[in-house]
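Numbering starts at 1 and runs along the sequence shown.
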Amino acid sequence: MKKLVLAAAVFLHLSTANAQQTLTPELLWQFGRLGSSEVSPDKKTVVYTVTYYDLKENKGNADIYTIPVEGGKAKRLTDTKTSEFNVTWRPDGKKIAFLSSESGSVQLYEMNPDGSDKKKISDLKDGLANFKYAKAQNHILFTQDVKNGKEVKEIYPDLPKADARIIDDLMYRHWNQWDDFKVSHVFFAPYKDGSLSGTPKDIMAGEPYDAPLMPHGGAEQLTFSPDGNTIAYTSKKQVGKAYAVSTNSDVYLYDIKTGQTKNLTDGMMGYDNEPSFSPDGKKLAWLSMETPGFESDRNRIFVYDFASNKKEEITAGSEQTAHGIKWSNDGKKIYFTSTLKGTEQIFVADVKDKTVKQFSNGQFNYNGFEIAGQNFIVNKTTMSQPAELVLVSMKDAKETPLTSINTEMLGKIKMGKVVARTSKTTDNKDLLSWIIYPPDFDPNKKYPTLLYCQGGPQSPVSQSFSYRWNFQLMAANGYIIVAPNRRGLPGFGTEWNNSISQDWGGQPIKDYLTAIDDMTKEPYVNKDKLGAVGASYGGYSVYQLAGMHNKRFKTFISHCGLFNLDSWYGTTEEMFFAKHDIGNAYYDKNPSKSFEQFSPHKFAKNWDTPILVIHGEKDFRVPINQGMEAFSAAQLQNIPSRFLYFPEEGHWVMKPQNSVLWQRVFFDWLGRTLKEEKAG
């Protein structure tokens with residue numbers, strides 16, 4: 001009898017251990033998050049970082065790992081309480097370098113490829129960022145903040161407790177930070193045998209400009225020539241109002257021997273970015289946007305020939321917008337990633353013939369890659385899988401898994417099915433939507449359904465794995481998700497991508513209604529339990545739909561959405577975006593039609609549906625007043641509403657516990673308004 005009881009207990013334990021669970025916000029924060037990666041010079045080993053978060057401590061920590069290119073067991077090289085980042089191989093392959101604040105400030109470290117003999121090789125007073133070696137191993141480059149401007153207490157030292165700013169120009173704040181009276185400059189220093197020699201030189205000394213571009217630019221915007229004597233870098237050499245109204249960044253070449261700087265893209269008035277030297281150093285490629293003021297224009301690939309002193313586009317005629325360019329080993333081709341029909345794929349451009357061909361194809365995102373001989377090492381995601389590294393053959397695109405950071409966890413979690421659905425828009429075009437079904441979906445039941453509205457407004461709805469707007473998490477809570485690639489999203493041609501500008505409340509909103517109306521034809525969709533959710537332009541879309549949805553929806557959730565275009569136009573920071581996407585200001589002689597026809601606050605009098613408003617105090621792209629105005633409009637009209645306010649978050653919710661709170665309030669609101677559940 002005891003044996004039977006013991007056997008039953010063992011069986012129960014095994015079945016419980018093997019049973020799958022549905023995704024939760026807390027489980028999302030248990031996933032390891034793949035960071036940057038780089039292939040060793042001998043093409044045999046990949047170094048990469050993985051960040052794990054401690055929800056209780058409300059922070060994460062990144063460590064360094066290596067794994068053989070041909071597959072095998074991953075090896076953890078660091079186990080510290082401070083994150084290692086900007087990890088790279090020394091050009092001779094004998095050392096792995098990285099940045100860390102272990103000493104109290106961010107400094108440069110080197111260690112052997114097996115993790116032994118770790119050594120701090122910099123001791124810079126103000127630390128450093130965006131470190132790179134010259135291939136010739138004669139120099140290193142990095143960026144460092146330098147003083148630019150004075151605070152009030154420096155202007156009036158006898159008023160040390162005065163708490164104010166004196167502002168004479170625009171760009172006094174950007175995305176989520178106030179001007180800190182510093183700019184990021186590019187430095188270089190001689191390097192030899194694991195040590196720096198001499199005083200680092202600021203190649204932008206006296207300039208009031210940033211390199212890389214703030215706040216999102218990184219080491220991809222800086223590079224050495226193969227001989228280590230030239231630095232190419234990206235900078236937008238404008239200040240104040242001129243900076244606010246322009247996207248004119250340029251690629252600059254600095255000659256270490258002469259100290260001279262050349263603007264390689266002078267006269268090219270859009271974004272020019274991410275310079276990359278050919279393996280032999282005879283050419284330089286970079287990404288270039290043609291249209292001034294348009295931050296989401298097609299990224300073309302330009303190549304400059306140093307011998308002929310000529311530059312030309314090698315992707316002319318292509319509809320693809322390029323990211324993350326990499327030269328082939330022989331310098332004859334340039335590989336890049338690009339969005340295509342709700343996915344991210346690898347493409348190849350022939351430098352001589354100027355032709356572009358698609359390399360990969362599938363329902364996934366190839367987010368970035370390195371070249372390892374005749375293979376790619378690719379950062380891959382799907383809506384159901386966080387990032388992992390995979391080996392992809394250049395010969396036949398065959399894919400082999402490399403890392404298994406989250407394989408064990410994923411094996412314990414039930415995911416919903418993801419399918420592509422095509423609908424006909426009001427102007428008879430094909431609209432692709434991703435449909436995500438709940439785990440254990442039963443077509444004989446009826447499900448509440450959410451329309452997901454994407455932000456950007458020109459950001460793709462692709463096979464990415466989000467840690468907040470996670471479609472599988474929404475599906476795990478019993479909702480069908482409809483995520484349309486509406487007008488304005490990349491991957492469907494230039495016309496489709498560009499057509500949203502100055503038509504925010506027009507065809508894109510019609511596309512959203514097309515997608516949800518088409519989905520409600522399915523018998524398993526509960527037409528009486530529809531919701532619309534979104535952030536940024538997606539939050540704007542939610543506000544706009546709230547004023548004209550004709551009783552379709554029973555609930556709305558808007559995160560950092562634009563509510564009043566008049567007040568937003570005067571409080572956002574990057575005015576080139578407002579000018580291009582909205583049009584002439586409301587105070588111009590010929591103001592854009594957007595202010596009358598497409599500003600949600602004009603239609604708030606029609607609101608009749610419960611709404612949750614979420615906003616962060618440090619969101620300077622879409623300032624906090626937008627959320628406050630929307631919440632007030634709902635409250636004063638006695639519409640059931642709630643305001644989730646984050647005093648220390650910006651456009652995105654970044655802190656772990658804030659993110660979990662965001663999810664809990666999000667799903668509590670949906671439960672109250674779509675499922676009629678008792679509030680928790």
Side-chain angles (χ1 to χ4, degrees), residues 170-171 174-175 212-217 221 234-238 241-251 265-274 286-302 311 313 315-325 336-340 454-461 485-508 511 536-538 540-541 562 565 568-569 572-585 588 590-595 598 620-622 651:
L170 294 182
M171 293 311 296
H174 199 185
W175 278 101
L213 304 181
M214 293 291 112
H216 305 306
Q221 297 183 7
T234 305
S235 183
K236 186 176 170 184
K237 297 197 174 183
Q238 298 158 323
K241 183 172 68 176
Y243 190 106
V245 301
S246 172
T247 58
N248 184 25
S249 67
D250 287 297
V251 173
T265 57
D266 188 29
M268 302 176 73
M269 303 307 290
Y271 273 126
D272 291 285
N273 204 350
E274 298 189 25
W286 71 94
L287 299 178
S288 178
M289 293 186 182
E290 182 176 17
T291 309
F294 186 19
E295 67 172 12
S296 300
D297 199 10
R298 184 175 72 89
N299 257 329
R300 308 165 296 168
I301 300 178
F302 266 74
K311 53 179 176 275
E313 182 187 355
T315 53
S318 171
E319 290 281 279
Q320 297 307 129
T321 185
H323 305 284
I325 55 178
F336 62 94
T337 59
S338 184
T339 306
L340 181 66
Q454 175 70 324
Q458 293 95 354
S459 299
V461 177
N485 279 273
R486 47 90 183 140
R487 222 62 54 102
L489 270 60
F492 301 88
T494 302
E495 180 184 354
W496 186 276
N497 183 77
N498 296 356
S499 63
I500 190 173
S501 298
Q502 301 187 36
D503 190 39
W504 277 23
Q507 191 61 49
D511 289 350
S536 197
Y537 172 83
Y540 159 90
S541 301
L562 299 87
L565 294 186
W568 172 79
Y569 204 95
T572 192
E573 14 77 288
E574 293 182 345
M575 293 308 303
F576 56 79
F577 170 70
K579 178 73 172 178
H580 185 274
D581 261 55
I582 302 301
N584 291 338
D588 286 341
N590 298 303
S592 168
K593 66 178 183 180
S594 300
F595 296 103
F598 301 143
F620 303 148
R621 179 77 165 195
V622 183
H651 202 58

| said: Looking at Leu489, is its backbone amide N or carbonyl O close enough to the side chain of Asn485 to form a donor-acceptor pair, meaning the two atoms are under 3.5 Å apart? | reply: no

| query | When rounded to the nearest 0.5 angstrom, what distance separates OG1 in Thr315 from CZ in Phe336? | reply | 6.5 Å

| request: Taking all heavy atoms of Gly455 and all of Ser536, pick out the closest pair and write down the distance. | output: CA-CB, 4.3 Å

| request: Indicate yes or no for a side-chain donor-acceptor contact from Ser501 to the backbone of Asp581 under 3.5 Å, with no hydrogens or angles considered. | output: no

| query | So with a 6.0 Å cut-off around CG of Asp588, is the heavy-atom count from everything else above 12? | reply | yes

| query | Below 4.5 Å, heavy atoms only, C-beta onward: do Arg487 and Trp496 meet side chain to side chain? | reply | yes

| request: Determine the minimum heavy-atom distance between Pro215 and His174, stating which atoms define it. | output: CD-CE1, 3.7 Å

| CG of Asp511 to OG of Ser499: how many Å apart, nearest 0.5 Å? | 8.0 Å

| request: Compare all side-chain heavy atoms of Tyr540 with those of Pro457 and state whether any distance is below 4.5 angstrom. | output: no

| query | Salt bridge or not for Glu295 and Arg621, using N-O below 4.0 Å? | reply | yes

| request: Mark yes or no for whether Gln502, through its side chain, and Ser592, through its backbone, hold a donor-acceptor pair below 3.5 Å. | output: no

| said: Would you say Asp272 and Ser288 are linked by a side-chain donor-acceptor pair, where the criterion is simply a distance under 3.5 Å? | reply: yes

| Partner set under side chain to side chain donor-acceptor pair (under 3.5 Å) for Lys237, not counting sequence neighbours | Glu207, Tyr233

| Note, Tyr271 side chain near Asn299 side chain (heavy atom, < 4.5 Å) | no

| Does the side chain of Thr234 come within less than 4.5 Å of Glu274's, by heavy atoms? | no

| Can any side-chain N or O of Glu573 pair as donor or acceptor with the backbone N or O of Trp175 at less than 3.5 Å? | yes

| message | For Met289, is there any backbone N or O sitting under 3.5 Å from a side-chain donor or acceptor partner on Asp297? | response | no

| Between Asn248 and Gln238, is any pair of side-chain heavy atoms under 4.5 Å apart? | yes

| message | Test your reading of the model: is there a side-chain donor-acceptor pair from Ser338 to the backbone of Thr321, 3.5 Å cut-off? | response | yes

| Just how far is it from atom CG of Asn273 to atom CG of Leu287, taken to the nearest 0.5 Å? | 6.5 Å

| message | Between Leu213 and Gln221, is there a side-chain heavy-atom distance shorter than 4.5 Å? | response | yes

| field | Aromatic plane relationship, Trp568 with Trp504 - under 30° parallel, 30 to 60° tilted, over 60° perpendicular | value | tilted

| Side chain of Glu574, backbone of Val245: donor and acceptor closer than 3.5 Å? | no

| request: State, to 0.1 Å, how close Tyr243 and Lys236 come at their nearest heavy-atom pair, and which atoms those are. | output: O-NZ, 3.0 Å

| said: Using a 3.5 Å distance criterion without hydrogens, assess whether the side chain of Ser594 forms a donor-acceptor pair with backbone atoms of Ile582. | reply: yes

| message | Testing the basics here: between Gly293 and His580, what is the closest heavy-atom pair and its distance to 0.1 Å? | response | O-CB, 3.4 Å

| request: Determine whether Tyr569 and Lys579 make a side-chain contact, defined as any pair of heavy atoms from C-beta on separated by less than 4.5 Å. | output: yes

| Donor-acceptor pair, side chain of Thr572 and main chain of Val622, under 3.5 angstrom | no

| Inter-residue atom distance Thr339.OG1 - His323.NE2, 0.5 Å rounding | 5.0 Å

| field | Separation between CZ of Phe577 and CZ of Phe294, rounded to the nearest 0.5 Å | value | 9.5 Å

| Can any side-chain N or O of Gln458 pair as donor or acceptor with the backbone N or O of Gly488 at less than 3.5 Å? | no

| request: Enter the distance from Glu313:CD to Glu290:CD here, rounded to the nearest 0.5 Å. | output: 8.0 Å

| field | Closest contact, heavy atoms only, Asn584 versus Phe595 | value | O-CE1, 2.9 Å

| message | Show the nearest heavy-atom pair for residues Met268 and Arg300, with the distance to one decimal. | response | CE-NH2, 4.2 Å

| field | Flag side-chain contact, heavy atom, 4.5 Å: Pro460 against Phe492 | value | no

